[in-house]
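Reading through the structure tokens given below for one structure.
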Amino acid sequence: MSILTSKKEQLSLEIVKALRQAQAEGQLNFTELPDFTVEVPREKEHGDFATNVAMLLSKENHKAPREIAQIITEHFVNVQDWLEKIEIAGAGFINFYLGTAWLYQVLPQVINEDERYGCSNFGGGQRVQVEFVSANPTGLLHMGNARGAALGDTLCNVLAAAGYEVTREFYINDAGNQIENFGKSLEARYLQLLGHDVVFPEEGYHGADLIETVKNIIAEVGDKYLGVEATLRREFLIQKALQEKLSNIKKDLARFGVEYDVWFSEQSLHDSGAIAQTIQELQQKGLVYEKEGALWLKTTEFGEEKDEVLLRSNGLATYFAADIAYHQNKFKRGFEKVINIWGADHHGHVARMKGAMQALGYAPEDLHVILMQLVRLLRGGEIARMSKRSGQYITLSELIDEVGRDAARFFFVMRSPDSHLDFDLDLAKTETADNPVYYVQYAHARINSILLASTEEPVASREVDFTLLKETEEIALIRKIAEFPDEIVGAAVNYEPHHLTHYAHELASLFHSFYNSCRVLTDDAALRQARLFLVDAARITLRNVLLLLGVNAPEKM
RNA sequence: GUGCCCGUAGCUCAGCUGGAUAGAGUAUUUGACUACGAAUCAAAGGGUCGCAGGUUCGAAUCCUGCCGGGCACGCCA
């Protein structure tokens, strides 16, 4: 548990004790303990921690909140040794001042834990599976995929740091209509490249990357599939092309710092009979019926507006049916929490997937879907709409070439998934201080050069007098460092990795302020040692948060 | 028409399980390098939190309605 959390809990216990004592003495009335909070106030003038408990008891007791706060504080006993001051303020807040001694404990802790600093066992090893990107393997990765990759990978890092056991998974959509369409497109390109005048399918994949793929295939097998029966020829081209596309996707994601534990094939669900089995299971529960030659799932029983088709009248399973089988498979593998990161254009799919999970006997809330609003690409101030069909989109690979992995990952995670992301290519291309990632990285590089310039012999932390760190900037920096483990837990439980980019920026900012007002390599040896410890703790924390974001922590820039 | 997301400083966005004077970056203006990296710091101005009601001791945050923008409503995936 972090020092911050333990202080909060300590205060909560004291508050409860005071409440019960006041109740026993007949000064306060409550049937059950109020659900109060102990928080770090936004304004540091409001103390180290504050509670709203008095306001919550106001109504039941027919007393003003400040009056209740007075009663509560009078019942605090034997706290003088660690509580410097209690104050009633504002509308009835109770503010607690703990002094600074407790804060200094965090510095040796950071140095000790080093790359583990910030990690906790909050998740208790709960098994979580995160499925993200899952791009169609028929083309290249676009900005939406890139956002999903940065978001998903960072979320996984955060969850792992918070003590969850995380599995990263990519669902390969290698079945269904778009694969057939893919096959037709490949075949047309194959024939065209070998000098045959064939019409390219209108709904086909027009991207130039497909031509490259087919050229590669021709380089390998030549024209020997010209004479092969069309179904077999398409099948061959599909397998070959999928292989290449997937390997490229893997390569691009790896360049982006994203590595998966599992690549899960949709086709395997068809081949293994898993889909048929899932449908049968739903049938046995009486949730399936036939209409107009198709098989329908009664999703209306789970709050949907209409029922959904599982098996089309041509006998083929829908994407929905395959996805139900896939998600059932996830739960069968023992994941306690299943998280999907989808584009907002899939939002209609969320409720019915949850409904289907409920139908199969799983708790719908164990499936959590993060919807990302779409990425809009700006070029020259104009919105460039991405289109797979036209092939006119910027790929992840190109983005990394242009703006670099660090900037791209930081930018994608910086915004809440709910927010539309305008990615200004021109701006991102300019490597200036406009880019917040440089600001954070600069702090790290700066610390590193201080440590390089120092000729200090290492000393044990117990020999360092941390109480010398009493400047406002020093206390603020320590406080922010102390918040890191709680920051990670907060980002993990709410699935909000974007908080970490803000945290990184704040931490860097506090360091820069400190740097400008406090000289580290001062002649005062005791102060110098204390500050070197502080700076090193800041370095470790900055590096760790950047690591979670998948961003490099450079020693110089 | 129905559903989901968004609307906060000139611009890009945080803050949303209700809490104290609504924050940051950027842009603008003004200061700070003969000491550890000026890719930095310090300071100023900039707001009907889309609008209108409601709940509450207290609302940017919750509820209802409306306005504006995006997305989705297929036996596609």
Side-chain angles (χ1 to χ4, degrees), chain A residues 35 37 39 41-43 45-46 50-52 54-56 58-59 64-66 89-93 95 134 136 138 173 175-179 181 203 266 291-296 304-306 308-323 343-351 371-374 376 414-422 424 427 431-443 445-454 473 493-494 498-499 501-502 505-506 508-509 511-523 528 531-532 535 556-557:
Chain A
D35 190 16
T37 57
E39 284 172 339
R42 197 160 29 82
E43 305 287 333
E45 292 75 26
H46 295 144
T51 182
N52 63 345
M55 279 103 101
L56 300 177
S58 167
K59 197 170 198 173
R66 293 185 69 112
F93 291 97
N95 295 336
S134 299
N136 277 338
T138 51
N173 299 127
N177 272 346
Q178 93 270 9
I179 288 297
N181 196 9
E203 292 297 303
E266 178 187 354
K291 190 179 86 181
E292 295 161 2
L295 217 54
W296 298 71
E304 283 292 278
E305 276 182 22
K306 53 188 177 58
E308 298 287 336
V309 173
L310 294 172
L311 279 182
R312 292 182 266 159
S313 49
N314 63 10
L316 296 176
T318 58
Y319 170 84
F320 182 47
D323 223 16
D345 52 342
H346 284 66
H347 77 256
H349 197 50
V350 176
L371 290 175
M372 286 183 310
Q373 294 303 313
L374 299 179
R376 286 190 305 188
M414 200 162 49
R415 271 87 177 267
S416 149
D418 281 339
S419 130
H420 295 268
L421 180 59
D422 287 339
D424 189 332
L427 180 71
E431 294 191 6
T432 67
D434 291 348
N435 201 331
V437 71
Y438 290 129
Y439 181 84
V440 179
Q441 288 180 318
Y442 180 59
R446 220 178 194 186
I447 292 174
N448 201 65
S449 66
I450 298 173
L451 296 177
L452 274 179
S454 160
E473 291 83 0
V493 295
N494 299 314
H498 68 279
H499 289 314
T501 57
H502 295 278
H505 196 275
E506 286 162 8
S509 171
F511 168 74
H512 287 310
S513 294
F514 157 79
Y515 177 89
N516 274 275
S517 64
C518 304
R519 186 170 167 78
V520 178
L521 301 178
T522 162
D523 293 335
R528 186 172 66 236
R531 284 188 173 160
L532 278 168
V535 155
K556 53 181 148 183
M557 351 182 4

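Source: prediction; values computed, not measured.
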[X]: side chain to side chain donor-acceptor pair (under 3.5 Å) partners, not counting sequence neighbours:
X: A:Ser58; answer: none
X: A:His505; answer: none
X: A:Arg415; answer: none

Within the structure shown, what part of the strands sits under 4.0 Å from [X] by heavy-atom distance: base, sugar-phosphate, or nothing?
X: A:His46; answer: base
X: A:Ala351; answer: nothing
X: A:Ala443; answer: nothing
X: A:His420; answer: base
X: A:Glu506; answer: nothing
X: A:Ala294; answer: base
X: A:Ala50; answer: base
X: A:Asn448; answer: nothing

Where RNA chain B forms stems, i.e. three or more consecutive Watson-Crick or G-U pairs with both distances under 3.5 Å: B:1-7 with B:67-73, B:10-13 with B:23-26, B:28-32 with B:40-44, B:50-54 with B:62-66
Pick out the pairs of N or O atoms, protein on one side and nucleotides 15-17 of chain B on the other, that lie under 3.5 Å.
from, atom 1, to, atom 2, distance (Å)
B:G15, OP1, A:His498, NE2, 2.9

A:His347 side chain, from C-beta outward: closest of B:A77, B:C6, B:A72: B:A72
Nearest to side-chain heavy atoms of A:Arg312, which nucleotide of B:U2, B:C75, B:G19: B:C75
Residues in side-chain contact (heavy atoms from CB on, under 4.5 Å) with [X], at least two apart?
X: A:Leu295; value: A:Ile279, A:Gln283, A:Val288, A:Glu290, A:Leu311
X: A:Glu308; value: A:Thr299, A:Lys306, A:Phe320, A:Arg352
X: A:Ala453; value: A:Leu521
X: A:Asn314; value: A:Arg312, A:Leu316

Do any N or O atoms of the protein come closer than 3.5 Å to N or O atoms of nucleotides 55-62 of chain B, and which pairs are they?
none

A:Tyr442 aromatic ring stacked with six-membered ring of B:G37, 5.5 Å and 30°: no
Donor-acceptor pair present, A:Ser313 side chain and B:C75 base, under 3.5 Å: yes
Base B:A20 paired with A:Asn95 side chain (donor-acceptor, <3.5 Å): yes
Grab the N/O contacts between the protein and nucleotides 7-10 of chain B below 3.5 Å, and write none if there aren't any.
none

A:Arg446 charged N/C atom sitting above A:Tyr515 aromatic ring, 6.0 Å / 45°: yes
Quick one: which protein N/O atoms are closer than 3.5 Å to N/O atoms of nucleotides 22-24 of chain B? Pair and distance per line, please.
from, atom 1, to, atom 2, distance (Å)
B:G23, OP1, A:Arg42, NH1, 3.3

Residue whose closest nucleotide on RNA chain B lies nearer the 5' end, A:Ser509 versus A:Trp296: A:Ser509
Along RNA chain B (nearest heavy atom to each residue), the more 5'-positioned of A:Thr318 and A:Ser419: A:Ser419
Evaluation steps, side chain to side chain donor-acceptor pair (under 3.5 Å), between A:His499 and A:Asn494: CA-CA 10 Å; A:His499 289 314; A:Asn494 299 314; 5.6 Å; no
